[in-house]
Amino acid sequence: MPAAYSNVYLHAAGMFLPGQPVDNAGMDAYVAPLNRLSERIKRRILAENGIRQRHYAIDDQGRTVHSNTAMAVQAIDDCLARAGRARGDLAFLASGSSGGDALMPGFASMIQGEMAAPPMETLSVHGVCAASVGALQAAALAVERAPDSLALAVASEMPSRLFKRSRFAAQGYDTDFDAHFLRWMLSDGAGAVLLGGPRALPQAPGLRLKLRWTHLRSFAGDYPVCMQLGLTPDRSTSHLDFAAWGDAEAAGALSLRQDIRLLPHLFDVCIHEYAHLAHTGWVPERGIDHFLCHYSSERFIPVVDELLDKARLGIARERWWSNLAWRGNTGAASIFVMLSEFLDKESARLSPGDTVLCFIPESGRFTAGYMLLEVEDAARPCDATARPAAARTAPQETAGTDLLPDAGAIAPPHDPAQAPEALGPLLTELASIWQDYRSRVWRTPLLQRIRTGRLQVADYVRWTGHWIPQVREGSLWMREGAASLTGDYAALAALIDVHAGEEQNDFRILHQDYLNAGGTETDITRLRRNPGGEALNAYLHALAATPNPVGLLGAIYIIEGTGQRIVPSLLPLLRASLQLPPDALRFLEYHGANDEHHLERWLMAVQMVMALDGTGTAAQAIVRTARHTAALYLMQFEQVFPEEF
């Protein structure tokens, strides 16, 4: 749940960008080419990210002009000056960064020391982009606890020192694309925000900004490392494990890397989390008036736009605001720099009641960060309440965009953008169930073994041996459910029969995969489901025997969705880690490619049920069955290796 605040206001935001702006042509003086491929990689990356200028805290000789600590202090002073405050007024200081100038002590302590500030509470939040949200959240809680006090959150980044050509000498000026990538993406800067209670606000006419809530959620348990510094390229060895720093540098353990193949999943996860916030009432029904989105590249604008639109939470593009093109990507500092400049340049556009949503996705190991501010009339008494907004029920108008090839759907397994308007609430609720299910599946012992390359061929045989009898039952409970549909639902029965017919022999494909992988049981009837499979089978057969069991569509949503969204993610990992013949993975390949078509038929069935339902209970039955099926299917995954669960 988000952290809601009743007494926290944003007094000011400030920033510091070192040196003169550096355009794309001038980058080579700071981030020099490494080899003959560098220029081609640079052109490709700059063409996509849309950054035209940025700032560096080093000079063209690679010498440090401003330390990271000094930049943070400059941003703090700018922020305090805008609020008419002094360093001594602060009671709390939180910093957010991927790293200060020293490995220890904490960055906030170093900043306080640089300021020669009086004693105060401090907190250093170490992370990547969303570390800023963590720092602001801590500052907000400090104000909530002591409304008469002032708390400041600062974020500062200085990656330029990592990108100097000399850093790659130990590798012979040769490195992989993942390390090349960020050299042309990141730059230096700092931003700060000052928070305080209503009584600390200056008594002046105009507008004030109230912090309604913040939300910070990590998905590190669901995905591998995406952006990292300090590990070898294969992430197997820490830089601290080498005999000397030079050895670590030569092995590439001190190069900042981004696995760009994982990035599309980041936005899928983060926008889905936002959809959950909206569904649970934290997004105002009237929508968002100003959207400050931190993205590392303009290539991701249509990705975020498309995903929001699919979730029926679209924000019209004229309401977006970003300074990426002329300030660059300053990591954790980006959202504070953006907020400071937005308030400078766009304050005339703000009106009482307006909402300002800040969205901060972090690719380090996938974290979603959000902040919601609301504009108030300073002449009115402060509203000391902390509450979620009214749940949102209607979509906003949005500008259409083309879907990028790698963009994921926000409402797995089915894309709600293709659904009729009336199905929006149902698909949103199903999407919430799916997100929780997918996250839990990725943390099961089976998936952990697959993700870390520890799955053995014998493990694969064990898994498929459990799965075969479960798949065999699929067409049986579907046909049983179809037979229980009567009256107006007869047409639905025919549709389910078609689907059952297509799947009735799938278990034979899976059995042959099992044998091709080394399984020895040729008699399918002797294979046994694990306890999770037994429970799922019993539940679905019992439900199928009830009159008009339309809730089975919820079960199909989860089961077919597993094939469409989870299985494709597993296939490359299985191929990479298991020495299996190609004909031992045919079942997974088939479902990864075809379950999307199966779900088009599922949508037709749902439309039919909703049109026939006169009581309003069909959607509830579908959601309830989806939730139960997700819990039982999860148990089936967990029970492949019950000794580890």
Side-chain angles (χ1 to χ4, degrees), residues 217-224 265 269 272 365-366 412-413 430-474 477 506-507 510-511 513-514 517 519 521 527-543 552 554-574 577-578 585 587-588 591-592 595 623-645:
R217 197 173 192 196
S218 169
F219 295 85
D222 295 7
Y223 290 93
H265 296 286
V269 166
H272 196 111
R365 199 154 185 175
F366 287 11
L430 288 173
S432 179
I433 294 169
W434 171 266
Q435 175 74 342
D436 180 68
Y437 163 72
R438 178 207 57 78
S439 179
R440 290 173 181 268
V441 166
W442 275 92
R443 296 197 300 276
T444 59
L446 172 64
L447 272 291
Q448 289 285 351
R449 288 194 186 192
I450 294 174
R451 289 168 53 193
T452 57
R454 294 182 295 112
L455 193 79
Q456 303 297 314
V457 171
D459 300 331
Y460 178 74
V461 170
R462 181 180 186 179
W463 173 30
T464 52
H466 291 182
W467 202 5
I468 292 163
Q470 178 61 43
V471 174
R472 186 186 186 194
E473 293 292 330
W477 60 255
D506 283 4
F507 73 94
L510 183 57
H511 184 235
D513 287 352
Y514 159 84
E521 184 55 71
L527 292 170
R528 291 289 177 264
R529 293 176 291 272
N530 64 37
E534 288 288 352
L536 179 60
N537 176 64
Y539 170 67
L540 294 175
H541 274 295
L543 181 59
L552 287 174
I556 294 172
Y557 176 91
I558 296 296
I559 294 170
E560 296 290 342
T562 300
Q564 181 192 338
R565 297 307 305 274
I566 294 178
V567 165
S569 300
L570 300 183
L571 265 174
L573 300 175
L574 290 170
S577 61
L578 296 179
L585 296 166
F587 180 82
L588 297 180
H591 275 273
D595 280 355
V623 167
R624 183 170 57 250
T625 306
R627 185 174 288 110
H628 294 163
T629 302
L632 295 173
Y633 210 138
L634 173 66
M635 187 190 301
Q636 181 174 296
F637 275 108
E638 292 168 344
Q639 291 297 316
V640 175
F641 299 109
E643 65 275 12
E644 295 182 24
F645 177 66

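For this chain, numbers begin at 1 and follow the sequence in order. Model, not experiment: these values are computed from the prediction. Values below: every heavy atom of this structure, side chains too, minus hydrogens, waters and symmetry copies.
For the residue pair Y437 and T562, a side-chain donor N or O sits within less than 3.5 Å of a side-chain acceptor on the partner. E473 and H541 are linked by a side-chain donor-acceptor pair at a separation below 3.5 angstrom, with hydrogens and angles left out of the test. Side-chain atoms of R443 and S439 include a donor-acceptor pair closer than 3.5 Å.
With contacts defined as side-chain heavy-atom distances shorter than 4.5 Å, the pair V441/I566 qualifies. With a 4.5 Å cut-off on side-chain heavy atoms, Q435 and V269 count as touching. The side-chain heavy atoms of W442 and L570, taken from C-beta on, include a pair separated by under 4.5 Å. Contact of the Y460 side chain with the L585 side chain is registered, since non-hydrogen atoms from C-beta on lie closer than 4.5 Å. In this structure, the side chains of N537 and L632 stay at 4.5 Å or more apart for every pair of heavy atoms.
A search for side chain to side chain contact (heavy atoms under 4.5 Å, CB included) contacts involving S432 returns H276, not counting sequence neighbours. Scored by the salt bridge (charged side-chain N to carboxylate O under 4.0 Å, His left out) test, D459 finds R449 as partners (sequence neighbours excluded). Evaluation of the ring-ring contact (aromatic ring centres under 6.0 Å, His included) rule for H628 yields Y539 as partners, not counting sequence neighbours.
Between F637 and W463, the angle of the ring planes lies from 30° to 60°, which puts this pair in the tilted group.
At least one donor-acceptor pair closer than 3.5 Å links the side chain of R462 to the backbone N or O of V640. In terms of modelled atom types and a separation under 3.5 Å, the side chain of Y514 and the main chain of W467 share no donor-acceptor contact.
Here the closest non-hydrogen pair linking A555 and W477 is CB-CH2, 4.3 Å.
Distance check: I556 CD1 to T629 OG1 gives 9.5 Å after rounding to the nearest 0.5 Å. Taking CD1 of I468 as the start and CZ of F587 as the end, the distance is 9.5 Å to the nearest 0.5 Å. Atom CD of Q639 sits about 9.0 Å away from atom NE2 of H466, to the nearest 0.5 Å. To the nearest 0.5 Å, atom CG of residue L430 and atom CD1 of residue I558 are 7.0 Å apart.
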